[in-house]
J.: 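Before anything else, here's the structure in question.
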Number of protein chains: 2
Amino acid sequence: MTKTTLVSLADSLGVSRQTISNVINAPHRVKPETRARVEAAISASGYRPSAAARQLRTRRSMNLGLRLMPVHDGINGSILDRFLHALTETAQRDGYRLTLFCADSDADEIHQYEELLQVSDIDGFVLTGTHHGDQRTAWLLDHDVPFAAFGRPWNDAEDPRRSRHAWVDVDGGAGTAEATAAFLDDGHASIGFLGWPAGSGAGDDRRAGWQRTLAAAGVAPGRIQELTASIDDGVQTGAVAARHLIAAGATAIVCVSDSLALGAAMELRRAFPGVPAAVTGFDDTPVAAAVGLSSVAQPIEAAARHAVAVLTHQLAETTTGGAGVPAPEQHLLLPAALVRRTPYPLDTGIPTAGTP
Amino acid sequence: MTKTTLVSLADSLGVSRQTISNVINAPHRVKPETRARVEAAISASGYRPSAAARQLRTRRSMNLGLRLMPVHDGINGSILDRFLHALTETAQRDGYRLTLFCADSDADEIHQYEELLQVSDIDGFVLTGTHHGDQRTAWLLDHDVPFAAFGRPWNDAEDPRRSRHAWVDVDGGAGTAEATAAFLDDGHASIGFLGWPAGSGAGDDRRAGWQRTLAAAGVAPGRIQELTASIDDGVQTGAVAARHLIAAGATAIVCVSDSLALGAAMELRRAFPGVPAAVTGFDDTPVAAAVGLSSVAQPIEAAARHAVAVLTHQLAETTTGGAGVPAPEQHLLLPAALVRRTPYPLDTGIPTAGTP
DNA sequence: TCCGACTGTTTGATCGATCAAATTACTTGT
DNA sequence: ACAAGTAATTTGATCGATCAAACAGTCGGA
């Protein structure tokens with residue numbers, strides 16, 4: 001049995017290839033009875049149009065590109081899992097597929113864009129890990145490439161809401177603010193913050209949420225300065241940094257990630273035995289849930305779905321010419337939610353401290 | 001400036017399109033000087049052949065398919081991250097790209113194969129999460145679709161080494177065996193095992209490693225039976241099941257995953273205060289490293305690289321006709337390595353037990 | 001000198017779809 | 001009843017590459 005193609009199907013039906021093409025791409029142009037007959041034949045033969053032929057003619061591949069960030073940067077671990085899954089699933093529902101690629105740097109990523117656009121006619125990209133002075137968005141805008149970013153544009157000068165490109169993000173700052181406020185309510189006066197080194201957009205935003213909450217509560221700027229640390233992600237680094245914050249008087253700690261929070265929890269437990277560790281993490285990873293760590297949860301699936309929706313809408317528009325369905329929100333800030341958990345006392349006896 | 005194409009480049013050089021095509025696909029057929037001239041022109045113009053046109057003619061897309069497993073099945077979390085990354089990177093180096101797709105079930109996955117093959121001319125697939133009675137491998141073999149599996153074929157009857165399809169796997173059984181032996185050496189007599197419900201291939205293999213080590217040490221079959229539990233993944237479930245094993249006399253526990261191990265560690269610490277928790281996990285996740293949990297590490301990047309190597313070799317072979325580079329190992333069992341860590345005493349005071 | 005073998009290059013056909021324009025069929029108004 | 005207009009369908013050209021076969025140029029040997 002030979003492969004069914006437009007022509008072979010047309011011949012066997014006694015109609016022209018274009019009619020079949022129309023049934024698929026512009027059904028309204030075909031007389032209802034003809035359409036029904038063709039549709040029946042299509043499903044009977046299991047005909048599927050060739051992506052390559054279509055792509056060659058239309059210059060559209062129905063493929064979306066996504067750079068896989070190096071392990072342990074930005075969204076990682078189980079968050080990546082959830083994000084990827086939602087992205088793939090949504091794209092698939094809309095007839096798109098996801099193509100992955102790696103890049104060493106933003107410059108390399110841009111180079112990959114060129115390659116993917118020229119060679120594979122990738123229709124658009126999903127960006128993650130936006131940061132200050134991001135070259136990528138500028139390049140994509142300059143070249144009229146459709147894309148949606150997960151992460152706001154972080155150019156201080158500009159209001160994200162006026163950005164020329166579409167983005168979805170989670171209001172991490174509001175999340176850490178909520179966590180900080182909760183600790184204030186609990187009676188904590190010195191609340192520390194463990195964050196990543198400045199420059200990572202999302203990380204800075206989360207720190208800002210904590211900062212403005214303390215400032216609003218009347219904590220002196222100098223004091224705020226003393227209560228924060230900027231370190232790379234990790235449980236060990238978190239523990240070490242937490243020790244310093246505790247030495248500086250912190251009785252509660254808000255963290256930019258669950259890893260750091262786990263480390264901080266150990267130190268808080270040691271410093272204040274008996275008292276539940278006052279600490280919150282970020283991302284609400286399974287570990288946090290398991291260990292009973294409070295954490296700021298991101299609606300990551302919703303973010304992924306929206307990113308795809310924005311992107312596919314943009315793509316549909318360039319084809320149809322603007323009519324049709326209303327555009328989804330171009331700048332969407334989703335709320336993060338603090339998940340409060342009964343703070344189990346944690347004690348993992350880091351060796352350096354010499355627990356029995 | 002118009003897009004450079006084979007013809008436009010050929011015209012500007014005064015040669016025919018086929019010559020340029022040859023320079024790219026069969027350089028040996030072109031006279032060295034012509035070749036040099038063409039190559040210079042290619043890099044000067046930044047010409048890249050269109051994937052669609054090439055795909056239409058050759059019926060090869062240079063795309064590999066990978067099903068994204070539902071979150072929390074098989075390889076998950078940070079393991080997925082590492083696996084995906086290595087896969088994408090290796091594929092990219094070999095000129096392939098990775099296309100993701102979702103499926104609800106194995107049957108649905110097979111349905112996606114058909115779609116992807118017919119529509120997108122996907123060249124081959126990488127399979128994960130092989131299990132008993134896997135329909136997918138049979139289908140792919142029947143349809144002569146190139147693929148490489150991460151995971152052995154688990155048909156009890158058959159010797160994996162004789163399997164008709166290529167696979168890479170990690171010897172999880174050897175890993176748990178090593179862990180079990182280590183506990184025996186430490187003087188433990190009753191070593192429990194926390195595993196997943198039977199049927200998951202990898203999970204059963206890991207249990208078998210523990211089982212045969214105990215049997216070899218002279219533990220009665222009935223006793224072995226008492227020392228194992230089959231449960232779904234998770235820290236809480238691990239803690240609960242561990243409590244039962246401890247009640248049954250276990251003083252050390254080997255686990256099929258780090259999540260379960262984390263739960264088990266809490267319970268062991270409670271049952272035997274002061275003594276370092278005798279527990280090992282699996283996958284050597286960042287959490288295990290951070291918390292000081294011993295764990296069996298999988299060389300997941302190596303596995304991914306090998307899977308791609310096998311697949312690309314297979315693909316190259318069907319084109320060139322069999323000559324060229326020697327075939328990589330078709331059935332490769334990579335060693336797992338027990339990472340022993342100073343077992344920090346863990347105590348997370350699960351509420352139900354009522355720690356002060 | 002002429003033929004066959006080989007090397008290097010070019011030409012025509014093709015992959016399977018869509019676009020744009022041409023053709024035919026069917027209404028409708030006057 | 002006929003021109004004009006619209007609806008439905010068909011035809012020719014095209015996207016950009018590779019395949020297969022034809023074509024020229026070189027060389028050694030009879």
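What you see is a predicted model, and the numbers here were worked out from it, not measured in a lab. Note on naming: letters A, B, ... go to the chains in the order of the sequence lines (proteins, then strands), and numbering restarts at 1 for each one.
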J.: Closer than 3.5 angstrom, by distance alone: can the side chain of B:T130 be matched with the main-chain N or O of B:R152 as a donor-acceptor pair?
T.: yes

J.: Looking at B:S61 and B:D121, would you say the former's side chain and the latter's main chain have a donor-acceptor pair under 3.5 Å?
T.: yes

J.: Decide yes or no on side-chain hydrogen bond (donor to acceptor under 3.5 Å, both in side chains) for A:Q135 and A:D106, but give the supporting numbers first.
T.: CA-CA 7 Å; A:Q135 303 281 303; A:D106 281 8; over 6 Å; no

J.: Taking all heavy atoms of A:R136 and all of A:T128, pick out the closest pair and write down the distance.
T.: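 Shortest heavy-atom contact: NH2-O, 3.1 Å.
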
J.: For a quick check of understanding: with a heavy-atom distance under 4.0 Å over all strands, which category does A:R17 fall into, base, sugar-phosphate or nothing?
T.: base

J.: Can you find a side-chain donor-acceptor pair between A:Y96 and A:Q92 that sits under 3.5 Å?
T.: no

J.: Where along residues 19-41 of chain B does a heavy atom fall under 4.0 Å from DNA chain D?
T.: B:S21, B:N25

J.: What is the bend of the helix from C:dT1-D:dA30 to C:dG29-D:dC2 when you compare the axis at one end with the axis at the other, using five pairs each and rounding to 10°?
T.: 60°

J.: Return the minimal non-hydrogen interatomic distance between A:L13 and A:R37, and the atom names on each side.
T.: O-NH1, 3.5 Å

J.: Would you mind checking if B:R305 and B:D94 are paired as a salt bridge, meaning a charged N to carboxylate O distance below 4.0 Å?
T.: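 Between B:R305 and B:D94 there is no salt bridge, as every charged N stays at least 4.0 Å from the carboxylate O atoms.
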
J.: Along DNA chain D, 5' to 3', what are the outermost nucleotides having an atom less than 4.0 Å from a heavy atom of chain A?
T.: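 Listed 5' to 3', the contact boundaries are D:dA8 to D:dG16.
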
J.: Does any donor atom in the side chain of A:S16 or A:T19 lie under 3.5 Å from an acceptor atom in the other side chain?
T.: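 Yes, because at least one side-chain N or O of A:S16 sits under 3.5 Å from a partner of the opposite role on A:T19.
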
J.: Should the pair A:F125 and A:F101 be assigned to parallel (<30°), tilted (30 to 60°) or perpendicular (>60°) ring geometry?
T.: perpendicular

J.: Could you tell me if A:H331 and A:D169 have a donor-acceptor pair between their side chains, going purely by distance under 3.5 Å?
T.: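 A:D169 vs A:H331: no donor-acceptor pair found between side chains.
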
